[in-house]
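A quick write-up on the structure given underneath.
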Amino acid sequence: SVKYNMYLKKGWKNVAKHPKKSIEYFRKAQSIKNTIDVAEGLAYAYQNDDKPEKAIPELLRLFKERHDFKTANMVIDAYLKAKKKAKAREFFNSLSPTLQANMKYNPKREELLVEVEKYYDSGLYRKARNVLKELYLMFPTDMKVLLYFAKVYEAEKRYKNALEYYKTI
């Protein structure tokens, strides 16, 4: 198991600057012992090597073991980077409400923001504001929501209100 530890250590040492080399070391470690530490290392290495689709199986294995917020975010990020939005949504929907509440990605939020953009671009500022109020109740600290409030108020020439939102951003 000395070789396993050596490969694991070399994998982590190279994960940021030399992800391809890191992947080689993690694969060698995996051939000796296929542990969750190897899965984590491979996930980071693949992400750093711009291969999110290869990171996904490792991240799912990691999430199955840990069921934590950080790994859940990484899984969703990998799906989105791999242009698998439906899979990201499916994974999000499989999470507990506690994890969902704290995720930076939220399909409902994304859908409502698209609706706000549509109303804003069409000059339907009151409708945009109504959707923003709904969004604000769900995501009171979301920067995009606050920014759109500012933009809507500015478009309505309600500069004082717009300025208040711009200040909070």
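The structure presented is a predicted model; accordingly, all values stated were derived computationally and were not measured.
Nearest approach of Ala45 to Pro19, heavy atoms of both residues: O-CB, 3.4 Å. Residues Ala150 and Ala162 come closest through the heavy atom pair O-CB, 3.4 Å. Residue Ile56 comes nearest to Ala78 through the heavy atom pair CG1-CB, 3.7 Å, listed as atom of the first residue, atom of the second, then distance. Shortest non-hydrogen contact noted between Ser22 and Val15 is OG-CA, 3.5 Å. Annotation for Ala55 and Ala43: closest pair CB-O, 3.7 Å, computed over non-hydrogen atoms.
Between the NZ atom of Lys9 and the CE atom of Met6 there is a distance of 10.5 Å, given to the nearest 0.5 Å. Here Asn5 contributes atom CG and Lys33 contributes atom NZ; the two are 6.5 Å apart, rounded to the nearest 0.5 Å. Atom CD1 in Ile36 sits 4.5 Å away from atom CD in Glu65 (nearest 0.5 Å).
Ionic pairing of Glu110 and Lys85 is not present here: no N-O contact between side-chain nitrogen and carboxylate oxygen is shorter than 4.0 angstrom.
The hydrophobic cluster containing Leu132, built from Ile/Leu/Val/Met/Phe/Trp/Tyr side-chain heavy atoms closer than 4.5 Å, also comprises Leu112, Leu113, Val116, Tyr119, Tyr120, Leu124, Tyr125, Val131, Leu135, Tyr136, Met138, Phe139, Met143, Val145, Leu146, Leu147, Tyr148, Phe149, Val152, Tyr153, Tyr165, Tyr166, Ile169.
Inter-residue side-chain proximity for Leu8 and Tyr25 is flagged as unmet; no heavy-atom pair is nearer than 4.5 Å. Residues Arg126 and Arg129 are in side-chain contact: their nearest non-hydrogen atoms beyond the backbone lie under 4.5 Å apart. Looking only at side-chain heavy atoms (C-beta outward), Tyr7 and Lys3 come within less than 4.5 Å of each other. Considering only heavy atoms from C-beta on, Lys144 comes within 4.5 Å of Arg109 through its side chain. The shortest distance between side-chain heavy atoms of Leu60 and Tyr79 falls below 4.5 Å.
Pairs of residues two or more places apart, or lying in two chains, that qualify as side chain to side chain donor-acceptor pair (under 3.5 Å) and include a residue from residues 37-54 are Lys20-Asp49, Arg27-Tyr46, Glu40-Arg66, Tyr44-Lys70, Asp49-Lys51. Within the structure, no pair that satisfies the salt bridge (Lys or Arg N to Asp or Glu O under 4.0 Å) test touches residues 91-101, not counting sequence neighbours.
Listed by chain and residue number, Leu163, Glu164 satisfy the side chain to side chain contact (heavy atoms under 4.5 Å, CB included) test with Lys167 (two or more places apart in sequence, or in another chain). Residues forming a salt bridge (Lys or Arg N to Asp or Glu O under 4.0 Å) with Glu111 (at least two apart in sequence, or on another chain): Arg89. Arg61 pairs by the salt bridge (Lys or Arg N to Asp or Glu O under 4.0 Å) definition with nothing, not counting sequence neighbours. A search for salt bridge (Lys or Arg N to Asp or Glu O under 4.0 Å) contacts involving Lys133 returns nothing, not counting sequence neighbours. Met103 is linked by a side chain to side chain contact (heavy atoms under 4.5 Å, CB included) to Phe69, Ala72, Asn73, Ile76, Phe92, Leu95, counting only residues two or more places apart in sequence or in another chain. Remark: Lys104 pairs with Asp77 by the salt bridge (Lys or Arg N to Asp or Glu O under 4.0 Å) rule, at least two apart or across chains. Annotation: side chain to side chain contact (heavy atoms under 4.5 Å, CB included) contacts of Ser96 (sequence neighbours excluded): Thr98, Leu99. Applying the ring pair (Phe, Tyr, Trp, His ring centres under 6.0 Å) criterion to His67, with sequence neighbours excluded, gives Phe63. Applying the side chain to side chain contact (heavy atoms under 4.5 Å, CB included) rule to Lys13 yields no partners; only residues at least two apart in sequence or on another chain are considered.
Using modelled atom types and a 3.5 Å distance limit, the side chains of Thr35 and Tyr4 yield a donor-acceptor pair.
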